[in-house]
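Since the structure is predicted, the reported quantities are computational estimates derived from the model, not experimental observations. In what follows, every chain begins at residue 1, and chains take the letters A, B, ... in the order their sequences are listed.
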Amino acid sequence: MTETDDPAQFNAVVALTKRELLRFLRQRTRVIGAVGQPIIFWILFGAGLRTSFKAPSWADGLSHTVSYQEYFLPGVAALIVLFTAIFSTISIIEDRREGFLQGILVAPVSRLSIVLSKLAAGTFLAILQAGLFLLIGPLISMLGLGSPIEATWSVSRMLMATGFLVLIAAELTALGFSIAWPMNSTQGYHAVMSIFLMPMWLVSGAFFPGGDSGWLFWVIRLNPLTYGVAGLRRLLYNTTLPVTAELPSMLACVSVTCIATVTLTLLSAWLVSRQSVHNSA
Amino acid sequence: MISIAVARNLRYNYGTRAALDDVSFSVATGTLFGLLGPNGSGKTTLFRLLATLIPMQSGELTVCGFDVTTQQSSVRRQLGVTFQSPAVDVRLTVAENLKCHGSIYGLSGTTLNNRVSEMLQQFGIADRSRTIVGTLSGGLKRRVELAKGMMHDPKVLLLDEPTSGLDPRARQEFWEFVSVQQKKQGTTIIVATHLMPEAELCNRVLLLDRGRTVAEGTPLELQSRLDGERLTLRLRDAASHLDSLRAIVGGNVELHGDRVTLRPSNPAEQIREIMHSFGDQIVSLELTRPSLEDVFLELTGRSLSETGDIND
């Protein structure tokens, strides 16, 4: 397809992104689903695991002891991003079922534009919600619902954290897209969510540290999302945390996340470009 | 007549099952062309090929001179498509839907806004422009669908069973809007349908059955292929009278339920005789020209409402 260079494609991406955002605004319950559950997890697990948690070795050099709630903070942000990505891409299945997608597929829109508009909308909503959580989250501890969190945000750190959130959000939205595109039912997607996406998040260092040996260590190490959570964790501290077996370097975090994002975006674009009977079902 | 869509020797298989088997036709510019057939006849497959939704397997298909395989995006630019299932976003307002669609087809700024108001006027939905589509009635939703399909002023409008689920009044209204579009703007319209009254509105009809072309022509041409008029009788205890009816009319006497179809050679005389013999048994008696339904039945031995294959 050669139509990708057409400047009209940009308009198409903007129009489709705008539609996604309008839909989001008209389904307010989506906000509760994507932000509410992670925050509840954060407060409840934070309270429940407070006493049994032992901070991993990278926290040794810090001036304060890292509570479980503090450890869990970047993981919750990643969970919000994951949920937002899931909600944004599950709409592909709805679009297909409701018929809207057919209308797009017969339009002179490049298949890449279809992917990019979903990614743009999903990413925007994800960083908006996760960003809000990271700003407001630490305040919850002030209400006595958790232990205090050391959060001293500098403008440059905030910009870097936002930039990195964009990467993770694009990565997870593209992942959701490649899962949702071939599917015909939202039930199927829910199944993938429970047996693949949630476990993927659980073994990303988001929920618990993996130690430095054993099978779990390797599962965590090979999980691309580990690098997303670790990168976010690094950006939450003003000092540079040491590189340990459980906490990869910032360079590794950015590289792995970039590679995963590009790969998954290309995979999505390839899936969409296949003209098939599935598209007219 | 210049042809705007030409199909040559189309074949399409789903696995080993042939959905289209050597179908050829051409659609003249500015006409209303009907693809008529029961479910499973291949008309939906043909529609999907025209709409560039499924890849071509064998044969040739051009729209506005562009090949649907090699010049896909040029074909897409010329097409407005209304699917059987709605392709409007039910959570957006009428105007938002039209705007979104216009932008996808490259309209922007004042051109886009003017076109939105124009379409809202033309399809009589201006007062609903800020209504969420999901809350509209079926008939109005269809009009939004039509307005959306016409936003980018396509040369060819494809309609797939466009009035399914509509009540008779909304159905009639829908066709009035389509007819205005055809006559005033010169849009070529290709409609896939299994409904007789809709097919009879068409300038030309392609009759399909099990993937093959059964007949093609104007509805009148097709109807006059069958000679003579039809006499449809509803009789009490119809089955027991077939022999005596055959004696009066001669030749073909067919029984469908309580309905008997006859082809009288001399209708006036024979009707008098039937009235005389069966007077009080007759529930109704109707003399008609053959309909497209009759043509289909005659050519395929099946009625249009019969389902060939649920997969299509």
Side-chain angles (χ1 to χ4, degrees), chain A residues 1-30 87 91-114 116-118 121 184 272-281, chain B residues 12-15 19 44-45 47-56 68-93 96-97 99-109 112 132-134 145 148-149 151-152 154 158 160 311-312:
Chain A
M1 252 164 276
T2 52
E3 71 239 275
T4 3
D5 332 308
D6 198 337
Q9 292 302 325
F10 180 71
N11 281 340
V13 175
V14 172
L16 288 173
T17 308
K18 207 169 135 193
R19 169 200 172 236
E20 295 288 334
L21 298 181
L22 274 172
R23 274 174 78 89
F24 175 82
L25 287 175
R26 305 231 161 104
Q27 292 170 280
R28 303 233 168 80
T29 44
R30 269 172 65 177
F87 283 129
S91 67
I92 295 165
I93 301 169
E94 288 163 10
D95 285 351
R96 191 186 290 286
R97 210 184 42 215
E98 286 169 10
F100 184 83
L101 193 64
Q102 280 197 329
I104 302 300
L105 289 171
V106 298
V109 186
S110 85
R111 309 293 100 159
L112 187 63
S113 301
I114 299 176
L116 291 181
S117 58
K118 280 279 174 193
N184 284 320
V272 178
S273 69
R274 292 180 315 160
Q275 203 185 18
S276 73
V277 179
H278 174 60
N279 288 338
S280 54
Chain B
Y12 197 93
N13 295 315
Y14 293 103
T44 306
T45 302
F47 186 89
R48 288 172 182 168
L49 283 173
L50 279 164
T52 71
L53 267 176
I54 52 176
M56 286 281 287
V68 294
T69 312
T70 56
Q71 293 160 301
Q72 216 169 54
S73 64
S74 305
V75 170
R76 286 179 178 153
R77 238 170 269 280
Q78 312 299 331
L79 289 181
V81 189
T82 297
F83 295 99
Q84 193 172 351
S85 52
V88 282
D89 188 325
V90 289
R91 290 204 177 83
L92 263 51
T93 68
E96 282 165 355
N97 261 296
K99 261 194 185 159
C100 177
H101 189 80
S103 316
I104 289 168
Y105 279 83
L107 301 178
S108 61
L112 176 63
I132 301 278
V133 170
E145 198 83 43
K148 187 187 122 170
M151 266 301 287
H152 57 290
L158 300 178
D160 187 14
N311 205 8
D312 194 291

Worksheet, complete the sentence: Between A:Glu98 and B:Val90 the two heavy atoms that sit nearest each other are OE1-CG2, 4.2 Å

Worksheet item: So what's closer than 4.5 Å to chain A heavy atoms on B:Val81: side chain, backbone, both or neither?
Response: side chain

Discussion item. Tell me the closest heavy-atom pair linking B:Ala51 and A:Val106, and the distance in Å.
Written reply: O-CG1, 3.2 Å

Worksheet, complete the sentence: dist A:Asp95:CG -> B:Asp89:CG (nearest 0.5 Å) comes out at 7.0 Å

Worksheet entry | Spacing of A:Lys18 atom NZ and B:Leu92 atom CG [to the nearest 0.5 Å] | 9.5 Å

Item to complete: Under 4.5 Å heavy-atom distance to chain A, tell me which part of B:Leu158 shows up: side chain, backbone, both or neither.
Response: neither

Item to complete: Enter the distance from A:Arg26:CZ to B:Glu96:CD here, rounded to the nearest 0.5 Å.
Response: 4.0 Å

Worksheet item: Roughly how far, to the nearest 0.5 Å, is the CZ atom of A:Arg96 from the OG atom of B:Ser85?
Response: 12.0 Å

Worksheet item: Any idea which heavy atoms bring B:Tyr105 and A:Pro108 closest together, and the distance?
Response: CE2-CD, 3.1 Å

Response to the item:
dist B:His101:NE2 -> A:Arg19:CZ (nearest 0.5 Å) comes out at 13.0 Å

Discussion item. I need the B:Ile104 CD1 to A:Ile104 CD1 distance, nearest 0.5 Å.
Written reply: 3.5 Å

